[in-house]
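Have a look at the structure below, then the notes.
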Amino acid sequence: MKIKRLSRPARERQILDKALAIFVEQGYQGTGMDHIANAVGVSRPVIYDHFSSKDAVYLACLREARLCLDAALFDSHSDSAPPHEQLLAAMRGYFLFAVNEPLSWRLLYESGNAVAGPASVEARHLRRQTVAKLADMIRAWRPHADDVEIMAFAHALSGAGEQLSKWQSESEVDSDRVVSAFLRFAWTGLESLLPRSPERRD
């Protein structure tokens, strides 16, 4: 098999791009290193030269997808913006991520059910990190709010966003309308955590 020579970073990029599509289409259990090697057009030893195992490839794809999602959620607004605007920006960022990065979204939310072993442990850890960042955003609005309530809201936002995105994709409802409905639904609860004062802008 003739192998096109690429720099190490370029080869790793190629492997991850091909692996992402395979993991999404075939699932974690249905994907083997042979599938990835064939898609890249190299031998298995070339893949092992870059990644020690299927888990290593999967987790590299998962970490990238999670970083991309977190950037869409949390880099789309200024921390000095009013809470209502921060929440709206995060919601818009999430739905844009689902539309613009469909393979990454599907890897995060559709392909992980059969993941087992160390990969499963880290997958759950990465997901909890995103929820923790949502909690931190809420906590910044109301530092002295009950932490259980903050975490409950963060988990609820994460789960509701996932389900709404799936529904929006299947039904082809305009994402702006879904974001608007999501914001009204979520803000009703979140507003109860915020201090009520004339100076507060929402």
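- In this structure, CH2 on W105 lies 9.5 Å from CZ on F97, to the nearest 0.5 angstrom.
- H155 places no side-chain N or O within 3.5 Å of a backbone atom of A152 that could act as its donor or acceptor partner.
- Side chains of Q86 and W141: a donor on one and an acceptor on the other come within 3.5 Å.
- At a threshold of 4.0 Å, the pair R13-E64 counts as salt-bridged, since one of the basic side-chain nitrogens sits closer than that to a carboxylate oxygen.
- Inspection of the T130 and R66 side chains reveals an N or O donor paired with an N or O acceptor under 3.5 Å.
- Of the possible donor and acceptor atoms, none in the side chain of T31 sits under 3.5 Å from a partner among the backbone N and O of Q26.
- Under a 4.0 Å N-O distance rule, the pair E170/K166 does not qualify as a salt bridge.
- Figure legend: cation-pi geometry between K18 and F23 absent, as NZ or CZ is not positioned both under 6.0 Å from the six-membered ring centre and within 45° of its axis.
- Through direct or indirect side-chain contacts shorter than 4.5 Å among Ile, Leu, Val, Met, Phe, Trp and Tyr, V131 is connected to M151.
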Enumerate, atom names and distances included, each donor-acceptor pair closer than 3.5 Å involving a side-chain atom of residues 172-185, sequence neighbours excluded.
unit_1, atom_1, unit_2, atom_2, d
D174, OD2, D176, N, 3.1
D174, OD2, R177, N, 3.4
S180, OG, R184, NH1, 3.0

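- Between the side chain of S171 and the main chain of W167, a donor-acceptor pair closer than 3.5 Å is present.
- Nearest heavy atom pair, residue F153 against residue G189, reads CZ-O, 3.3 Å.
- Contact between Y48 and S53 at its shortest, heavy atoms only, is CE2-CA, 4.3 Å.
- Ion pairing of E162 with R127 is present here, as a side-chain N (NZ or NE/NH1/NH2) and a carboxylate O approach within less than 4.0 Å.
- Closest of all the heavy-atom pairs between D49 and R8 is O-NH2, 2.7 Å.
- Considering only residues two or more places apart in sequence or on other chains, R124 meets the side-chain hydrogen bond (donor to acceptor under 3.5 Å, both in side chains) condition with S120.
- Under 4.0 Å is where a charged nitrogen must lie from a carboxylate oxygen, and between D136 and K133 no such pair does.
- Taking 4.5 Å as the limit, every side-chain heavy atom of Y109 sits out of range of all side-chain heavy atoms of S165.
- When all heavy atoms of C61 and A19 are compared, the closest pair comes out as SG-CB, 4.1 Å.
- For the residue pair L87 and A186, the shortest heavy atom distance occurs at CD2-CB, 4.4 Å.
- Side-chain contact between R44 and D34 is present, with heavy atoms from C-beta onward closer than 4.5 Å.
- For the pair R92 and L88, the minimum side-chain heavy-atom distance is below 4.5 Å.
- Interatomic distance, CD of E25 versus CG of L20, reported as 9.5 Å (0.5 Å rounding).
- Taking all atoms of both residues into account, the shortest heavy-atom contact from L157 to L190 is CD1-CD1, 4.1 Å.
- Side chain of S104 to main chain of E101: no donor-acceptor pair is present (N/O by atom type, distance under 3.5 Å, no hydrogens or angles).
- Note that NE2 of H50 and CD of Q14 are 9.0 Å apart. Values are rounded to the nearest 0.5 Å.
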